[in-house]
Amino acid sequence: MAELTIRDALNEALREELVRDENVFIMGEEVAEYDGAYKVTRGLWKDFGDKRVIDTPITELGFAAVGVGAAMAGLRPVIEFMTFNFSILASDQIINHAAKMLYMSNGQFNVPIVFRGPNGSAYQVSSQHSQALEAFYANFPGLKVVMPSTAADAKGLLKSAIRDDNPVVFLEQERMYGLKGEVPEDDDFTIPLGVADVKREGTDCTIVARSMTVPLAMQAAEHMESEYGVSVEVVDPRTIKPLDIDTIVASVKKTNRLVIAEESHAFASVGAEISHQVMENAFDYLDAPIKRVSTAETPMPYAKNLEELALPDVPKIIEAVKAVCYI
Amino acid sequence: MPKTRVSGKASTGTNKTSKNGKGSRTPAAVTEDGKELFDPEKAQEEYNKRKKSQLESIKNTSADVLREMLYQMVLGRHFEQKCAEVYRIGKIGGFCHLYIGQEAISIGTQLQLEPRDFVITSYRDHVQAMVQGIAPEAVLAELYGRAGGNVGGKGGSMHMFSKEKNFYGGHGIVGGQIGVGTGMAFAQKYKESGGVTLCFFGEAAVNQGIFHESLNMAGLWNLPCIYICENNRYGMGTSQERAMSISSIAKKAESYGIAGEFVDGMDVMEVREATARAIERARSESRPTLLEIRAYRYMGHSMSDPGKYRSTDEIKRYQERDPIVLFKDSLKEAGVLDGKDFEKIDAEALAKVQEAVDFAENSPLPDESELLTDVYK
């Protein structure tokens, strides 16, 4: 095991896949000479050159389209969005083209492409740079959606995403790039898409968290254990689509209580979907209505205090756990 | 007649063309933006001026190729007329965009491709799919929404595909395929295959952002992509004059430092030669080209278009320069084919269309188990 930041774990995954398959290339704004806006691609251009690591103009729709066409013609592009907010400009290519190509062509043209970059809020970057878009992309058949929360997951899932034969939306979190974790030292280490991970075992309440809310849920769980003697289980789906609902349902059947913590807005969110699927599969096991902790229904404000107020945090998750446990 | 009226300064290919002396034949009456060539009478004057060289080109092309060109044009015409007919009696659902009047573009460009070359186009894709080698039976059965359709009934009129024939699809979002085609050319260059991509779109797609984004990247990265703007004068019911701030699309190539050229889309030999130059530029120099091929859409935008935005007189004026009639006249004049040959070709094409109808009528509906297949690989 090596201790790596999520940033470096992603970098290792990219490096290893560039070595492994000459059809893999990286394309995006500032990914090459600048070393990546968030340094995820640091050193790759120097080692792999202009052919494999390509700086683009600021032209999100255009380079996403180049990725789709290149993938149809047999390459495996990794398209970096400097942030996923900019992917909205490219969403015609992701949704209308990448997601539908296999179906429209009756199985003839698949699009093995990864769209990756930071999703959600950062630090006071305001309304247009703070959106969590997983529910948007998860709504379209044909796309897979992945959201790692640890360094090991980031590496193992990104490698699987690059090797996957489908378009994968791979959502990172800027606030988490510096988080450290143990990562297996094996250049063939992968984590299959569509498999949840129980990050903390518990018996009294389940928190389903993803990406940024996983570390928050872990802290909330520790607090509930030490302050109230409540044993909290934290489940991280890791892949939003396909969703490993079985692991979530198994946990709820054990704890009988569910809190969903997510960075996106609550309305029509992934949490709403999980809530529905739990209702369908474990309705009789629930001892309390499901609670959600989400970002406030407002564009993200700039002021630090208002931003903090809008976002999920440890106290808000603790409050939700207390509510479902009737404490 | 010049082979290249508008050139990107950065394009060595274009300069080469003018060095051949062909540029010296520019008639003074045609301005740089070629606006007057939208007038069919003016376009015909220009056509007559280059008739001699066209006949020479015909003599330099093998009779088999010329016959195949005419056959494909006639087949495309009859096929689309049949589509209109069966659409009206409810055999075809959804959208149905016909190619009648634009045949010279598909035939003039695609019939000279090699197996390593790719094609991608818009939703007006039936004829391009057939010219690329997809059977008319499969295209019509797709329009019927049948299991024997080109994509098993999952795509319909707008989404023909064939990996085997390097046909990367008909695409339904105006301009979306311009970016995808750019990526296909990127892959050809990346893999050093020597192949080129023909990327078709209508003139209305030029107003989409993706056109600009794509040509900028293709110029910047030297991609072997040939952008073929099929200027049929209307984006649905809005004429180019009402939608575009300048009249020359070919001239936009200058903005990206690439070669651009107007082409008379009613003259299949002119289309063929302009495409040959663009292919050569893409293969030998890995440089893109923008061809603005001016034709005219005889039918409505789709089968549901009442066509109130133009007069029948206008349509008739353009039909005076029908690409099939012009080509037949030239073939006759050059002594390559005669009236009997035309009759034979016509009969062959009609028989092929009838085979397609019979096949489509008898093809079963897709099995319900197909609903959920090929969502993911």
Side-chain angles (χ1 to χ4, degrees), chain A residues 22-25 27 50-52 54-77 79 89-90 92-93 95-113 140-144 164-168 193-194 241-242, chain B residues 118 120 142 149-156 158-164 166-173 175-191 193 195 197 199 208-218 220-221 223 225 366 370 372-377:
Chain A
E22 64 181 18
N23 289 325
V24 173
F25 70 93
M27 176 176 271
D50 289 332
K51 183 177 177 183
R52 313 287 304 281
I54 303 153
D55 276 330
T56 65
I58 298 176
T59 190
E60 286 88 5
L61 176 62
F63 67 74
V66 167
V68 172
M72 287 175 78
L75 301 183
R76 289 188 173 268
I79 302 296
L89 284 103
D92 174 56
Q93 284 296 327
I95 294 165
N96 274 324
H97 295 81
K100 291 162 178 61
M101 208 64 76
L102 186 71
Y103 197 80
M104 288 198 300
S105 68
N106 202 24
Q108 294 181 79
F109 286 98
N110 66 309
V111 182
I113 190 169
F140 298 101
L143 296 178
K144 294 186 176 181
D164 201 277
D165 284 331
N166 299 284
V168 179
L193 306 188
K241 200 170 192 181
Chain B
F118 299 158
I120 187 166
E142 187 57 38
N150 164 245
V151 287
K154 281 181 167 172
M158 299 183 286
H159 306 302
M160 304 296 165
F161 284 87
S162 172
K163 195 162 195 173
E164 186 198 343
N166 286 333
F167 191 71
Y168 278 63
H171 296 267
I173 305 298
Q177 80 279 8
I178 305 176
V180 178
T182 305
M184 289 152 52
F186 175 91
Q188 287 169 317
K189 183 167 183 171
Y190 187 100
K191 292 184 164 182
S193 73
T197 292
C199 178
Q208 291 273 32
I210 190 70
F211 170 85
H212 161 69
E213 298 192 26
S214 299
L215 271 70
N216 181 51
M217 287 184 292
L220 183 68
W221 294 336
L223 302 181
C225 195
E370 288 296 324
L372 298 176
T373 58
D374 295 320
V375 179
Y376 293 97
K377 189 169 177 177

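These numbers come from a predicted model, not from an experiment. A note on names: the letters A, B, ... follow the listed sequences, proteins ahead of strands, and every chain is numbered from 1. Side-chain atoms are counted along with the backbone in the values below, which use heavy atoms only and exclude waters and symmetry mates.
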Note to self: With a 4.5 angstrom heavy-atom cut-off, is it the side chain or the backbone of B:Gln188 that approaches chain A, or both, or neither?
What the structure shows: neither

Margin query: At a 4.5 Å cut-off on heavy atoms, which part of A:Gln93 comes close to chain B: side chain, backbone, both, or neither?
Written below: side chain

Margin query: What part of A:Lys144 gets within 4.5 angstrom of chain B, counting heavy atoms only: side chain, backbone, both, or neither?
Written below: both

Notebook entry, point to check: Can you tell me how far CG of A:Leu102 sits from CZ of B:Phe161, rounded to the nearest 0.5 angstrom?
Noted result: 10.0 Å

Checklist line | Interface residues of residues 208-216 of chain B facing chain A - non-hydrogen atoms under 4.5 Å apart | finding: B:Ile210, B:Glu213, B:Asn216

Next item on the list: To the nearest 0.5 angstrom, please state how far the OG1 atom of B:Thr182 sits from the CZ atom of A:Phe63.
Entry: 14.0 Å

Next item on the list: Answer yes or no: are there more than 12 heavy-atom neighbours, outside B:Glu370 itself, under 6.0 Å from its atom CD?
Entry: yes

Margin query: Rounded to the nearest 0.5 Å, what separates atom CE in A:Met72 from atom NZ in B:Lys163?
Written below: 8.5 Å

Item checked: chain A contact via B:Leu223 - which portion, at a heavy-atom distance below 4.5 Å -> neither

Item checked: Gap between atom CG of A:Asn96 and atom NE2 of B:His171 - 0.5 Å precision -> 11.5 Å

Checklist line | Closest-packed option against chain B by number of heavy-atom pairs under 4.5 Å, given A:Leu89, A:Asn166, A:Asp165 | finding: A:Asn166

Next item on the list: Count the heavy-atom pairs under 4.5 Å between each of A:Leu143, A:Val68, A:Ile54 and chain B, then report the option with the highest count.
Entry: A:Leu143

Margin query: With chain A as the partner, which of B:Met184, B:Met158, B:Lys377, B:Met217 has the greatest number of non-hydrogen pairs under 4.5 Å?
Written below: B:Lys377

Note to self: Among B:Gly170, B:Ser162, B:Gly149, which residue has the highest count of heavy-atom pairs closer than 4.5 Å to chain A?
What the structure shows: B:Ser162

Checklist line | Approximate separation, where rounding is to 0.5 Å, of A:Gln108 CD and B:Phe167 CZ | finding: 11.0 Å

Note to self: What I'd like to find out is whether the side chain of A:His97 reaches to under 4.5 Å of the side chain of B:Ile173, using heavy atoms alone.
What the structure shows: yes

Item checked: Spacing of B:Trp221 atom CH2 and A:Asp50 atom CG [to the nearest 0.5 Å] -> 11.5 Å

Item checked: Under 4.5 Å from a heavy atom of chain A, the part of B:Thr373 involved -> backbone

Next item on the list: Could you tell me how the ring of A:Phe109 sits relative to the ring of B:Tyr168: parallel (under 30°), tilted (30 to 60°) or perpendicular (over 60°)?
Entry: tilted

Checklist line | Shortest non-hydrogen separation from A:Asp92 to B:Gly176 and the atoms involved | finding: OD2-CA, 4.3 Å

Check: Tell me, side chain or backbone of A:Asn23 under 4.5 Å from chain B's heavy atoms, or both, or neither?
Finding: both

Next item on the list: Go through A:Ala64, A:Ala99, A:Gly107, A:Ala71 and name the one with the most non-hydrogen pairs under 4.5 angstrom from chain B.
Entry: A:Gly107

Notebook entry, point to check: Closest approach of A:Pro57 and B:Leu220, non-hydrogen atoms and distance?
Noted result: CG-CD2, 3.9 Å

